[in-house]
Structure formats: structure tokens, C-alpha cells
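What you see is a predicted model; the values in this text were computed from it and never measured. In what follows, every chain begins at residue 1, and chains take the letters A, B, ... in the order their sequences are listed.
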There are 2 protein chains.
Amino acid sequence: MAATRQRATRQGGAVRDALHNAGGFRSAQDVYAVLRTNGDAVGLSTVYRHLQSLVDDGVVDVIHTPEGEATYRYCGDPGAGHHHHLVCRRCGHTVEIEGRAVERWASEIAREHGFAEVDHTVELFGLCPVCARAA
Amino acid sequence: MAATRQRATRQGGAVRDALHNAGGFRSAQDVYAVLRTNGDAVGLSTVYRHLQSLVDDGVVDVIHTPEGEATYRYCGDPGAGHHHHLVCRRCGHTVEIEGRAVERWASEIAREHGFAEVDHTVELFGLCPVCARAA
DNA sequence: CTATTTGCAAAGTATTTGCCACCAT
DNA sequence: ATGGTGGCAAATACTTTGCAAATAG
């Protein structure tokens, strides 16, 4: 049941690459569309399966947009640990950010209210320099 | 075109009340089930419509669970302004929290990276004292 | 009385699963 | 050969929408 290492397949690579050079958060449907456009035909369910397994491997991060759609981003190093993102709501461009301060604040608040096993969600959405200027 | 004030209907009140005395985040489906159980029959679409209008009025907050379901919580005062939540992932019990520190941190990071119109999502999930003990 | 609201059912969207063919080892 | 993989299509779950009937003011 451990590290369900996957086989190296064309589709698996295609999904990983597409996400990788997208450089930001993309929905499964987006990835599917891109691959399809590039001629790299991959089934939709396959895209979902690969994204999921990448997430399990800790190589990809997931964020649920305010609209409720799941978006994925290639974050490389599985051991990179916990971090947050500053995402451009226009082009999806993303910057990884450290949140020591926030982490501390979160546990502080949690302890204060007697909550246990506290987890947190912290994401910033805005317009990146490029998109802001274009606006 | 302004404040699309709604008529006072049995259903509208039922939805608002159910959410109010739930005291925490509840999904539309939850509210629907509760009302139905209480004999306060209300259509599912009606529940959705009222929840949405309450959100528009700023009386209710929305959070999308990691599972992608939208949950709503009665937060009263429409002018209460921006705040965050510490939610029990077991029973839904919620505590409103101020985040001056986080707000500052967020704008700091945003400016640092040249992002504009930055908005943020900060929610804490854990086990409330009661549920933690029961665990 | 008249405009708003309700509720059913049908439609829509995102995601998951069943199942069989297929390919890397 | 053989077991993990890929893909299609059907199944799920949540949410939205169309439209006729009920209802508040």
C-alpha cells in the first residue's frame, strides 16, 4: 500500500510536463484541453488520475478556487514542506511564499481556543505585475 | 437595481433560522435535510437561492471545503467587515477570528511581489475542545 | 391584483468509477 | 505472460435554471 510508484508512461509525462511549464495553477480541465490541443491526446480521467497521484507524491499542490474548481500546480521537491502561494487571478502565474509568521499565528490562535490538530488554508490571489499593468 | 429586498416568506425565514442556530458552517444539502426533518418543507433550489441571497446581503459567509462542497455560516452584521474562521472539521462549530497580523502580512507580501488588488483566503480547520476530547 | 417566490424536474459542471483493451517490463 | 495503465462511457454529487403554480403585500 506504500509508495505506489507509477510506471513511466507517455501520458504521465505529458500531464506532469504540461503542469510544469504552465508555471501556475491550472484546473484538470485546463490541462486536458492543453494536451488535447498539443496533439498529446490523453483521456480526461487519465489526467485526473495522474494529477491525483502527483498530489499524493507531494510533487503537486492543490487549491480550490473560490468557484470550487480544483487547480493544480507543479511544486517540484516533495520534501519542500509546507508553503503558500500568491496567485495571479488573471494568468495563473504563481509565486511560492514562506509563511513562518502565519504558521506561528495559526497555532497561536488554535491553542488559544483549545482546538487540536489544526490545519490551515492560506492563499493570496491578486494581479501579477504584468497583468496589473495590462489592466 | 439596488438592494433587491426579498419578501418575507416562511421559507426564507426557515433557511435563515436553520443556518443561524446551526452555529457553524453547513452545506446547502445539510440545511435542506434539517428543514425537511423538522417538517419545514422547503425545496432544495429554494434553499440554494436563499443562501445565495444571504451571501449577497453579506449576512452569510461561504467556505468551500477541501471536498469541494460549499458551506455557509450565519455571521450576522453585514458591516462586520473582513474576518476569518476557526472551524471544527468534525462538528462544524465555528469561532470567528480577527487577523490583523495576517492582513498586514498579506499586503506586505503582495507589495513585495508587485501584485495588485490582492485578496486572501485564510481559514483554520481543526477539532474543537469537545470533539477533541471525544476523539 | 400583480409581481415575487416556490418547487419540481431537467440541465449543467466537475470529478470518479467500472470495465476491458493495451503496453512496458 | 501479466499486472499496472489508459480511455471511454456511465455514474455521482453538487448546484443552477426553466417554467407553471402558489403567495405576499
Side-chain angles (χ1 to χ4, degrees), chain A residues 1-19 22 25-57 59-73 89 92, chain B residues 1-19 22 25-57 59-73 89 92:
Chain A
M1 275 304 81
T4 318
R5 168 69 77 255
Q6 283 204 289
R7 275 184 189 170
T9 64
R10 177 179 66 76
Q11 292 86 339
V15 170
R16 188 171 349 87
D17 292 351
L19 203 56
F25 283 89
R26 292 286 182 275
S27 72
Q29 310 275 348
D30 282 346
V31 175
Y32 175 67
V34 172
L35 291 177
R36 193 133 282 234
T37 300
N38 289 19
D40 260 324
V42 174
L44 177 56
S45 44
T46 301
V47 171
Y48 275 106
R49 280 189 281 238
H50 278 289
L51 288 175
Q52 188 51 58
S53 87
L54 287 172
V55 171
D56 292 343
D57 289 353
V59 189
V60 161
D61 278 14
V62 200
I63 284 186
H64 283 82
T65 65
E67 291 75 47
E69 195 179 25
T71 55
Y72 308 78
R73 172 169 189 273
R89 71 164 68 85
Chain B
M1 274 301 79
T4 317
R5 167 69 77 257
Q6 282 205 287
R7 278 185 184 172
T9 65
R10 176 180 68 74
Q11 293 87 338
V15 171
R16 191 175 339 93
D17 293 351
L19 202 56
F25 283 89
R26 293 286 181 275
S27 71
Q29 309 274 349
D30 282 345
V31 174
Y32 174 69
V34 172
L35 292 176
R36 191 134 283 232
T37 301
N38 288 20
D40 260 325
V42 173
L44 178 57
S45 43
T46 302
V47 171
Y48 275 105
R49 280 188 283 235
H50 278 289
L51 288 176
Q52 188 51 59
S53 88
L54 286 171
V55 171
D56 291 343
D57 290 353
V59 189
V60 161
D61 278 13
V62 201
I63 285 186
H64 283 82
T65 66
E67 292 74 48
E69 197 179 24
T71 56
Y72 308 79
R73 174 169 186 272
R89 69 164 70 86

Let me know the distance between [atom1] of [X] and [atom2] of [N], rounded to the nearest Å.
| X | N | atom1 | atom2 | answer |
| --- | --- | --- | --- | --- |
| B:I63 | D:dC14 | CD1 | P | 18 Å |
| A:L54 | D:dT5 | CG | P | 12 Å |
| B:R36 | C:dT6 | CZ | P | 14 Å |
| B:H64 | C:dT13 | NE2 | P | 16 Å |
| B:R16 | C:dT5 | CZ | P | 13 Å |
| A:R10 | C:dC23 | CZ | P | 11 Å |
| A:Y32 | C:dT15 | OH | P | 14 Å |
| A:D30 | C:dT13 | CG | C1' | 14 Å |

From [options], nucleotide with atom closest to [X] side chain:
| X | options | value |
| --- | --- | --- |
| A:V42 | C:dG7, C:dT15, D:dG7 | D:dG7 |
| A:H50 | D:dG6, C:dT15, D:dT15 | D:dG6 |
| B:L44 | D:dG7, D:dT15, C:dT4 | D:dT15 |
| A:R49 | D:dG6, D:dT16, D:dA9 | D:dG6 |
| B:Y48 | D:dT15, C:dG7, C:dA14 | D:dT15 |

Residue mapping more 5' on DNA chain D - nearest nucleotide basis, B:T71 or A:G43: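 Taking each residue's closest nucleotide, the earlier one in sequence belongs to A:G43.
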Would you say [X] and [Y] make side-chain contact, with heavy atoms under 4.5 Å?
| X | Y | answer |
| --- | --- | --- |
| A:V62 | A:T71 | no |
| A:D61 | A:Y72 | no |
| B:Y48 | B:Q29 | yes |

Taking 4.0 Å as the cut-off, does a side-chain nitrogen or oxygen of A:T9 come that near to OP1 or OP2 on D:dG6?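 Result: yes.
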Does A:Q11 have a side-chain nitrogen or oxygen under 4.0 Å from the phosphate oxygens OP1 or OP2 of D:dG7?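 Indeed, a polar side-chain atom of A:Q11 lies that close.
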Can you tell me whether the side chain of A:S45 and the base of D:dC8 have a donor-acceptor pair closer than 3.5 Å?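 Answer is yes: a donor-acceptor pair is held.
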To the closest 0.5 Å, what do you measure between OH (A:Y32) and OG1 (A:T37)?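 Result: 10.0 Å between the selected atoms.
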So, taking the atom named CG in B:L54 and the one named NE2 in B:H50, what distance separates them when rounded to the nearest 0.5 Å?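 Between B:L54 CG and B:H50 NE2, I get 8.0 Å after rounding to 0.5 Å.
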